[in-house]
Amino acid sequence: MPARETWATRLGFILAAVGSAVGLGNIWRFPFLTGEAGGAAFLVVYLLFVGVIGLPVLLVEFVIGRRSERNPVNAFERLGKPGWTFAGAIGALAGFIILSYYSVVGGWVLQYVIDSFTGAYFADPEGHFAATATGTNAVLFHALFMGLVAGIVALGIRNGLERAAKLMVPSVIVLLVILAGYGATLSDASEAYAYYLAPDFGEISANLFSIIPDAAGQAFFTLSLGMGVMITYASYLGEDRNLLTDGLTVVVIDTAIAFLAGLVVFPFLFAQNVDPGEGGAGTVFIGLADAFAGIPAGSLVGAVFYIMLAIAALTSAFSILEVIVSFLIDNFGVDRKTGTIAIAAVLFVLGIPTALDLTYLDAYDLLANNILLILGGLLLSLFVGWVYADGALDELNRGRGSDGAFAAFWIWTVRLVVPIVLVVTLALGVSGYIEFLNEAFF
Ligand code: TRP
C-alpha cells in the first residue's frame with residue numbers, strides 16, 4: 001500500500017477543518033434556528049453549548065484521529081479496542097445520510113447563483129423556491145454539486161482538500177464581511193441588531209426545553225462533530241501539533257462566521273419586513289430572495305451571497321465524502337479516484353428522494369442530526385472519557401507544553417458534562433423523530 005497521505009502544512013489542516021465546520025450550518029441553519037427561537041435568547045444558549053460541549057468533543061475527535069492515524073471505522077481497532085468499531089460505523093452511516101441531502105441543498109444554492117444573475121426569483125420568491133427545491137432541475141443540480149465535491153476529493157489531501165480550503169475559506173470570510181457592511185446601511189438595521197443581540201432572559205427560561213436540544217444539536221452540526229470528520233482530518237496530521245490551539249482556532253473562527261452570518265441575514269430580512277421566525281428551512285432562500293429583490297443592486301448582492309454560500313457548502317461537503325473515501329482506502333487499498341467516484345454515485349442515488357419530495361429532507365436531516373450525530377458524539381466521548389482516558393490525555397498533551405490543568409478539566413467535562421447534555425438531547429431527538437414519522441408517513 002502507498003504511504004498514507006498527510007497535510008502539507010499546519011495552516012492547511014486548520015483551514016480544512018474550518019472549511020468543514022463553516023457551511024450551510026452557519027449561514028443557512030443557524031439564522032433560521034435563531035429566528036424560530038426568537039433571536040438573541042438562542043444565540044446565548046448556543047454560544048454556551050459551543051464552549052461546553054463543542055470544544056471538548058472536537059478535541060475528543062482530534063485525539064482519536066491523531067493517535068490512530070485511521071478513519072473513524074478503523075480507528076478503534078488500531079487503538080486496541082475493536083469492540084468500539086460500531087461507534088465509528090454509526091458515524092460513517094450518518095455521513096451517507098447527511099451528504100445525500102446536503103448535496104441536494106447545495107444544488108439549490110447553485111441554482112440560486114444563476115437565478116440571481118437572471119433575477120428569476122425577484123417576482124415570486126415563494127413560488128420560485130417551490131419550483132427550485134424539487135423536480136428534475138433539483139436532481140440535475142444535486143448531480144452537479146455532487147460532481148464538484150467528488151472532483152475535489154478525487155484530487156487528494158494536498159492537491160484537493162488543502163488547496164481548495166486555502167482558497168475558499170478566506171473568500172467566504174471576505175464576502176461575508178462585505179455583505180455585513182452592506183447590511184449595516186439598510187433601513188431598520190438597528191432593530192435587526194437589537195433582535196439578534198439583546199437577549200431577553202425571560203424568553204430563555206420560558207423556552208428552555210425547546211432551545212436546549214436545538215442549540216446543542218446546532219453546536220454539534222456546525223462544528224462537524226459526531227461522525228468522524230475531525231477524526232479523519234486529524235488522522236492526516238502526522239507529526240506533533242498542539243491540538244488544543246488548533247481546536248480553539250477552529251471553534252473561534254466557526255463561531256465568528258456564524259455570528260457574522262447573523263449580522264448579514266437579519267438586517268436584510270428586517271429591511272423587507274420579513275419575519276425571521278417564519279421561514280424555517282426556506283428563510284435563506286425565500287426570505288432573503290425577497291429581501292434582495294427590494295434593495296439597490298439586489299441582483300449583484302444576491303449573487304455574491306449565494307456564491308459565498310456555495311463555496312462554504314462545498315468545503316463542508318467534501319469533508320463528509322472524505323470520511324467514507326478514507327475508509328475505502330485504508331481498508332481495501334482502493335485507489336482514491338475509483339473510490340471517490342463509486343461513493344459519489346451511491347450518494348447521488350440516495351439523495352434523489354430528497355430532490356423529489358421535501359418530506360425526505362426532514363426525514364434525513366432529523367435522523368442524522370438529532371439522533372445519529374448525537375449518538376456518535378456520545379459514544380466517542382464515553383470511549384475517550386472512560387475507556388481510553390490515559391491514552392487520550394497523553395495524546396492531548398503531546399506537542400504542548402505540560403499544562404495538566406486544562407487536560408484534567410477536559411477529561412472530566414468529557415466524562416460527565418458532555419454525556420449528560422447529549423443523553424438529554426438524544427432522548428428529545430428520538431421522541432421528536434417518532435412524532436415526525438407518525439405525522440409525515442403514517
Ligand atoms: N459543519 C458543516 C456545516 O455547518 C456541516 C458538516 C460538515 C457536518 N461535515 C459534517 C455536520 C459532519 C455534521 C457532521 O454546514
Side-chain angles (χ1 to χ4, degrees), residues 15-34 46 49-50 53-54 57-58 60-62 65 71-72 87-88 90-106 108-109 145 149 152-153 161 164-165 168-169 172 176 214-234 250-251 253-262 281 284 308-326 347 364-380 422 425 429:
L15 286 180
V18 168
S20 168
V22 174
L24 296 171
N26 305 58
I27 301 158
W28 165 68
R29 211 164 180 269
F30 169 72
F32 84 73
L33 285 177
T34 307
Y46 160 76
F49 276 126
V50 165
I53 61 170
V57 177
L58 179 63
V60 161
E61 293 208 12
F62 275 0
N71 69 80
I90 290 176
L93 175 68
F96 270 98
I97 299 178
I98 296 178
L99 188 50
S100 72
Y101 78 79
Y102 204 90
S103 168
V104 173
V105 179
W108 299 349
V109 179
F145 188 85
V149 174
I152 295 168
V153 171
L161 305 191
M168 291 172 143
V169 172
V172 168
L176 263 179
D214 279 354
Q218 174 62 12
F220 246 57
F221 185 84
T222 189
L223 290 169
S224 303
L225 297 177
M227 64 150 287
V229 164
M230 296 301 177
I231 294 180
T232 308
Y233 273 18
V250 172
V251 167
I253 300 180
D254 181 70
T255 308
I257 292 180
F259 182 73
L260 198 55
V284 157
M308 183 270 309
L309 191 57
I311 298 174
L314 277 174
T315 52
S316 298
F318 57 61
S319 74
I320 305 178
L321 183 56
E322 177 60 30
V323 173
I324 307 170
V325 168
S326 84
L347 285 164
Y364 285 25
D365 179 82
L366 291 172
L367 173 64
N369 295 316
N370 293 8
I371 300 179
L372 296 179
L373 288 184
I374 305 293
L375 184 61
L378 177 63
L379 292 170
L380 297 177
L422 293 186
T425 310

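Atoms within each ligand, like the ligands themselves, are counted from 1 in listed order.
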A.B. asks: Could an N or O of ligand 1 be found under 3.5 Å from any N or O of I320, whether backbone or side chain?
C.D. replies: no
A.B. asks: Answer with side chain, backbone, both or neither: which part of L373 has a heavy atom less than 4.0 angstrom from an atom of ligand 1?
C.D. replies: side chain
A.B. asks: What pair of heavy atoms forms the shortest contact from A216 to T425, and how long is it?
C.D. replies: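 So the two residues come closest at CB-OG1, 3.8 Å.
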A.B. asks: Where do F145 and A310 come nearest, in terms of heavy atoms and distance?
C.D. replies: CE1-O, 4.5 Å
A.B. asks: Between L223 and ligand 1, is there a nitrogen or oxygen pair with a distance under 3.5 Å?
C.D. replies: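 No.
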A.B. asks: Table please: side-chain donor-acceptor pairs of residues 223-234 below 3.5 Å, with sequence neighbours left out.
C.D. replies:
from: S224; atom 1: OG; to: S20; atom 2: O; distance (Å): 3.0
from: S224; atom 1: OG; to: S20; atom 2: OG; distance (Å): 2.8
from: T232; atom 1: OG1; to: G228; atom 2: O; distance (Å): 2.7

A.B. asks: Got a sec, which residues hit side-chain hydrogen bond (donor to acceptor under 3.5 Å, both in side chains) with N26, two or more places apart in sequence or on another chain?
C.D. replies: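 Per chain and number, N26 pairs via side-chain hydrogen bond (donor to acceptor under 3.5 Å, both in side chains) with T222, D254.
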A.B. asks: Provide the closest heavy-atom pair for G19 versus T315 in the form atom of the first, atom of the second, distance.
C.D. replies: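 That closest heavy-atom pairing would be O-OG1, 2.9 Å.
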A.B. asks: Please report the shortest heavy-atom distance between A368 and I98, naming the atom on each side.
C.D. replies: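 The pair with the smallest heavy-atom distance is CB-CG1, 3.5 Å.
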A.B. asks: Provide the number and element of each atom of ligand 1 under 4.0 Å from a heavy atom of S319.
C.D. replies: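 So the answer, numbered in order with elements, is 7 (C), 9 (N).
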A.B. asks: Number the atoms of ligand 1 from 1 as they appear, then name those within less than 4.0 Å of a heavy atom of A21, with their elements.
C.D. replies: 1 (N), 2 (C), 3 (C), 4 (O)
A.B. asks: So, for G217 and I374, which heavy atoms are closest and what is the spacing to 0.1 Å?
C.D. replies: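 Closest approach of G217 to I374: CA-CD1, 4.4 Å.
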A.B. asks: Backbone, side chain, both or neither: what part of F220 comes under 4.0 angstrom of ligand 1, heavy atoms only?
C.D. replies: neither
A.B. asks: May I ask you to identify the nearest protein heavy atom to atom 1 (N) of ligand 1, giving residue, atom name and distance to one decimal place in Å?
C.D. replies: F221 O, 2.8 Å
A.B. asks: Can you list the atoms of ligand 1 that are under 4.0 Å from a heavy atom of T222?
C.D. replies: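 Result: 1 (N), 4 (O).
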A.B. asks: Does the plane of the ring in Y46 sit parallel, tilted or perpendicular to the ring in F30? Use 30° and 60° as the thresholds.
C.D. replies: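 Taking F30 first and then Y46, their aromatic rings sit tilted (interplane angle of 30° to 60°).
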A.B. asks: Compare A258, G25, G91, S20 and give the one whose heavy atom is closest to atom 2 (C) of ligand 1.
C.D. replies: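 Among A258, G25, G91, S20, the closest heavy atom to atom 2 (C) of ligand 1 comes from S20.
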A.B. asks: Tell me which protein heavy atom sits closest to atom 15 (O) of ligand 1, plus the residue, atom name and distance to 0.1 Å.
C.D. replies: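 Result for atom 15 (O) of ligand 1: Y102 OH, 2.6 Å.
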A.B. asks: Side chain, backbone, both or neither: which part of S224 comes within less than 4.0 Å of ligand 1 when only heavy atoms are counted?
C.D. replies: both
A.B. asks: For atom 14 (C) of ligand 1, which protein heavy atom lies nearest, and how many Å away is it?
C.D. replies: M227 CG, 3.3 Å
A.B. asks: Short question: side chain of Q218, backbone of G25 - any donor-acceptor pair under 3.5 Å?
C.D. replies: yes
A.B. asks: Using distance alone, decide if ligand 1 has a nitrogen or oxygen within less than 3.5 Å of any nitrogen or oxygen in V229.
C.D. replies: no
A.B. asks: With heavy-atom distances below 4.0 Å as the criterion, list the atoms of ligand 1 near N26.
C.D. replies: 4 (O)
